[in-house]
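Some notes on the structure that comes next.
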Amino acid sequence: MRARPRAVQDLKFREKEISGRNVNEIEIEAQLDGDYAGIVRCLNRLQRSKNTYVVDSLGWIRLRAAGRGTRHRRETVKVSLHLRSYFRKT
């Protein structure tokens with residue numbers, strides 16, 4: 001089974017023009033929950049993206065461990081992420 005974030009709980013975008021730079025700043029706030037391995041994969045994909053992101057904050061809390069026995073337990077976590085990216089105006 002492939003691990004991945006189970007759900008995006010909340011996703012917000014804010015666009016702001018940066019005067020004199022010919023770029024727009026996009027702020028992104030997201031709340032994700034899922035198993036630990038899936039969250040890590042999601043963050044790794046973001047890091048390897050061709051776009052540049054500035055991570056302003058990243059927080060997480062453990063929700064619960066699922067599964068029977070220690071070999072099959074999966075940690076469920078909730079991640080709060082705030083980041084920015086910049087795009088040239090067309």
### Task
Write down the atom of V77, the atom of R62, and the distance for their closest heavy-atom approach.
CG1-CA, 4.1 Å
### Query
So how far is it from L32 CG to K78 NZ, rounded to the nearest 0.5 Å?
9.0 Å
### Message
If I compare all heavy atoms of D35 with all of G38, which pair ends up nearest, and what's the gap?
### Response
OD1-N, 2.7 Å
### Query
Just wondering, do I18 and K16 contact through their side chains at under 4.5 Å, heavy atoms?
yes
### Task
To the nearest 0.5 Å, tell me how far R14 CZ sits from I26 CD1.
11.0 Å
## Note on the structure
Rounded to the nearest 0.5 Å, the OG atom of S80 sits from the CD atom of Q9 at a distance of 12.0 Å
### Task
Say whether L43 and V54 are linked into one hydrophobic cluster, either directly or through other cluster members, by side-chain heavy-atom distances under 4.5 angstrom.
no
### Message
Looking at R88, I'd like to know if its CZ atom is crowded, meaning that more than 12 non-hydrogen atoms belonging to other residues, nucleotides or ligands lie closer than 6.0 Å.
### Response
no
### Query
Cluster question for you: counting only ILVMFWY and a side-chain heavy-atom cut-off of under 4.5 Å, with indirect links fine, are I39 and W60 together?
yes
#### Entry: Residues K12 and E27 bridged, charged N to O under 4.0 Å
no
### Query
Is it true that F87 and L11 fall in one hydrophobic cluster, defined by side-chain heavy atoms closer than 4.5 Å?
yes
### Query
Do the side chains of L46 and F13 join up, straight or via other hydrophobic residues, at under 4.5 Å, putting them in one cluster?
yes
### Query
Judged by atom type as modelled, is there a donor-acceptor pair below 3.5 Å linking the side chain of S85 to the main-chain atoms of T52?
yes
